[in-house]
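Read through the structure below, which is laid out as structure tokens, and then see the notes.
Every chain is numbered from 1 and lettered A, B, ... according to where its sequence line falls, protein lines coming before strand lines. Worth knowing before you read on, the calculation uses all heavy atoms, side chains too, and leaves out hydrogens, waters and symmetry mates. All values derive from a computational prediction rather than experimental measurement.
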2 protein chains.
Amino acid sequence: MPRPKTHDLALRVRLLDRAGELLSGEGAAALSLRRLAADVGTSTTAVYSLFGGKPALVRELYVEAFQRLGKRLRAVVPTGDPADDLVRLGIAYRDSALADPHLYSVMFGATVPGFEPDDTATAQSRAALAPLLDVIRAGTESGVFTDAGGTMAMACWGLVHGLVSLELCGNLPPDLDVATTYEHALRANTAGWTRRQSTVVDQVVPADRVD
Amino acid sequence: MPRPKTHDLALRVRLLDRAGELLSGEGAAALSLRRLAADVGTSTTAVYSLFGGKPALVRELYVEAFQRLGKRLRAVVPTGDPADDLVRLGIAYRDSALADPHLYSVMFGATVPGFEPDDTATAQSRAALAPLLDVIRAGTESGVFTDAGGTMAMACWGLVHGLVSLELCGNLPPDLDVATTYEHALRANTAGWTRRQSTVVDQVVPADRVD
DNA sequence: TACCGATCCATAACACTGTCTTCAATCAGA
DNA sequence: TCTGATTGAAGACAGTGTTATGGATCGGTA
């Protein structure tokens with residue numbers, strides 16, 4: 001029949017690898033289809049036959065990025081102290097982002113115009129945060145945290161993502177000891193979700209959180 | 001001498017206005033110099049003679065965005081309750097972002113490749129957060145907050161930015177009551193920075209924050 | 001063995017982008 | 001009226017993502 005296929009799974013992997021390298025090494029601007037195809041030794045057509053276009057290729061990187069994040073978070077083994085586990089998860093989150101900043105920007109920043117994660121991709125991203133949900137559930141069940149219907153997970157994710165985002169965008173003072181400050185912020189946030197001794201009435205805590 | 005100038009300050013304002021409209025109405029992809037020039041009734045040269053290029057034009061939008069944010073934050077008049085003021089500042093921050101999502105993305109997201117805010121632009125952005133610093137200073141001086149060298153401001157900024165960013169990226173569950181959840185998160189974070197009664201020893205609070 | 005036809009994919013075209021150069025249009029002063 | 005400096009629109013250039021085309025390649029058939 002026809003000529004043998006060269007747009008196969010192996011080429012697909014090589015394209016993804018090289019795309020990740022370009023993104024991590026030289027940023028989003030360096031990731032052009034012509035450059036990518038030339039580096040891998042094929043033509044731009046390969047991206048269209050194997051993925052469907054540049055946004056679809058970036059979608060794969062998006063999934064890959066969240067899988068790496070999930071791997072790092074799962075590597076944080078619970079110690080039984082939910083508050084401490086929560087802080088350690090936050091630190092692992094930052095480590096993951098700093099290890100591959102451009103890949104992190106694919107997850108949230110609009111690195112590539114026209115790319116919008118679809119539902120299945122979003123679901124995969126949510127799955128990466130399972131360790132966070134586990135720790136919060138454990139802490140809530142043991143009475144350490146006072147979560148109110150999933151609110152706490154969103155708050156924790158927002159905090160770590162926001163801080164990491166500010167750091168990567170260069171919005172933090174250059175002379176700042178980020179690691180220490182970051183951990184301080186994590187501990188303060190954790191403390192805010194921590195149940196206080198019931199005999200103490202702290203006026204600053206809103207009424208709907210005291211039970 | 002020469003022909004009369006039409007690349008003047010009035011045209012500059014019109015270009016900025018239209019650029020903001022394009023960004024807010026149709027997103028970053030719609031902001032091309034040819035489209036912009038045609039809409040305003042000039043040529044792409046105007047952007048180069050008046051700004052210096054597309055990144056420089058975006059820089060102006062960056063400054064404009066932070067000025068709008070600063071205006072919203074300054075509109076929050078302190079009540080004397082620093083904890084409550086802090087939460088209200090956070091809500092104003094989100095309102096500002098939701099009012100013009102694409103302008104918000106210029107502040108942090110890499111909306112336009114090649115655009116990096118310079119030092120003066122960064123300084124202007126920092127100035128927009130002055131109300132936040134004021135409230136934290138007031139709360140610290142009155143003994144309500146326990147800040148440790150500017151850490152608290154970064155944490156608060158990180159939290160609001162992170163939550164808003166997740167919301168704008170569509171990373172939050174669609175059926176979530178974001179406003180309520182958002183305020184919960186703000187109150188919890190605020191509580192974490194609130195000084196507790198000195199007689200209570202809370203084991204979850206790290207030792208370096210108890211003084 | 002020679003041919004054929006189905007299949008694959010590199011090449012090239014298209015419409016767009018930001019940027020830079022060219023040069024005709026313009027108007028004050030001589 | 002002529003000159004000459006200056007302005008800014010038009011066009012060139014190199015790049016982008018995407019798509020249409022047609023040559024190259026092989027198995028099955030005559």
Side-chain angles (χ1 to χ4, degrees), chain A residues 1-16 18-20 22-23 25-62 102 105-106 109-117, chain B residues 1-16 18-20 22-23 25-62 102 106 110-117:
Chain A
M1 289 187 187
R3 59 197 278 192
K5 294 189 67 164
T6 58
H7 288 188
D8 54 1
L9 238 138
L11 180 61
R12 182 190 159 92
V13 171
R14 274 193 297 151
L15 282 170
L16 276 177
R18 184 62 189 147
L22 284 173
L23 212 57
E26 305 182 39
L31 181 58
S32 81
L33 295 193
R34 284 178 173 81
R35 167 94 183 269
L36 174 64
D39 286 2
V40 173
T42 180
S43 69
T44 60
T45 317
V47 175
Y48 288 87
S49 63
L50 286 173
F51 299 93
K54 190 175 182 182
L57 177 130
V58 174
R59 200 204 87 111
E60 298 298 301
L61 292 176
Y62 173 92
H102 291 100
S105 78
V106 170
T111 301
V112 176
F115 163 64
E116 284 286 332
Chain B
M1 289 183 186
R3 59 198 277 191
K5 296 189 68 164
T6 58
H7 287 189
D8 54 1
L9 239 141
L11 179 62
R12 182 190 160 91
V13 172
R14 275 192 296 152
L15 282 171
L16 277 177
R18 184 61 188 148
L22 285 172
L23 212 57
E26 305 181 40
L31 182 58
S32 81
L33 294 193
R34 285 179 171 81
R35 166 97 183 265
L36 175 64
D39 286 3
V40 174
T42 180
S43 69
T44 60
T45 315
V47 176
Y48 288 88
S49 62
L50 286 173
F51 299 94
K54 189 176 183 181
L57 178 131
V58 173
R59 199 202 89 110
E60 297 298 301
L61 292 176
Y62 174 90
H102 290 101
V106 170
T111 301
V112 176
F115 163 64
E116 284 287 332

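Atoms CZ and OG, from A:Arg12 and A:Ser49 in turn, are 10.5 Å apart once rounded to the nearest 0.5 Å. With rounding to the nearest 0.5 Å, the separation of CG in A:Leu50 from CD in A:Glu60 is 10.5 Å. With rounding to the nearest 0.5 angstrom, the CG atom of B:Leu36 is 9.0 Å from the OG1 atom of B:Thr42. For the atom pair B:Leu33 CG and B:Tyr48 OH, the distance stands at 5.0 Å (nearest 0.5 Å).
Judged by distance alone with a 3.5 Å cut-off, a donor-acceptor contact links the side chain of A:Arg34 to the base of D:dG17.
If you check C:dG18, D:dT18, D:dA9 against the side chain of A:Leu33, the one that comes closest is D:dT18. For B:Ser43, taking side-chain heavy atoms from C-beta onward, the closest of the listed nucleotides C:dT19, D:dG8, C:dA13 is D:dG8. The side chain of B:Pro4 approaches C:dC27 more closely than any other nucleotide in the set C:dG18, C:dC27, D:dG11. Listed nucleotides C:dA10, D:dT18, D:dG11 differ in distance to A:Thr6; the shortest reach to its side chain belongs to C:dA10. Distance from the side chain of A:Thr45 is smallest for C:dA10 among the nucleotides C:dA10, C:dA12, D:dA9.
Between the NZ atom of A:Lys5 and the C1' atom of D:dC26 there is a distance of 15 Å, rounded to whole Å. Atom C1' of nucleotide C:dC9 and atom CG of A:Leu11 are separated by 11 Å, given to the nearest angstrom. B:Glu26 has its CD atom 12 Å from the P atom of C:dT17, to the nearest Å. Between the CZ atom of A:Phe51 and the P atom of D:dG17 there is a distance of 14 Å, rounded to whole Å. Taking atom CG on B:Asp8 and atom P on D:dT6, their separation rounds to 19 Å, with Å as the unit. D:dT7 atom C1' lies 12 Å from atom CG of B:Leu50, rounded to whole Å. Between the CZ atom of A:Arg59 and the P atom of D:dG17 there is a distance of 19 Å, given to the nearest Å. One can place NZ of B:Lys54 at 12 Å from C1' of C:dC16, the figure rounded to the nearest angstrom.
Note on A:Thr42: only backbone sugar-phosphate atoms sit closer than 4.0 angstrom, heavy atoms only; bases stay farther off. A:Ser32 comes within contact range of the sugar-phosphate backbone alone, with a heavy-atom separation under 4.0 Å but no base atom that close.
B:Asp39 pairs in a salt bridge (Lys or Arg N to Asp or Glu O under 4.0 Å) with only one of the listed residues (B:Arg34, B:Arg18, B:Arg14), which is B:Arg18.
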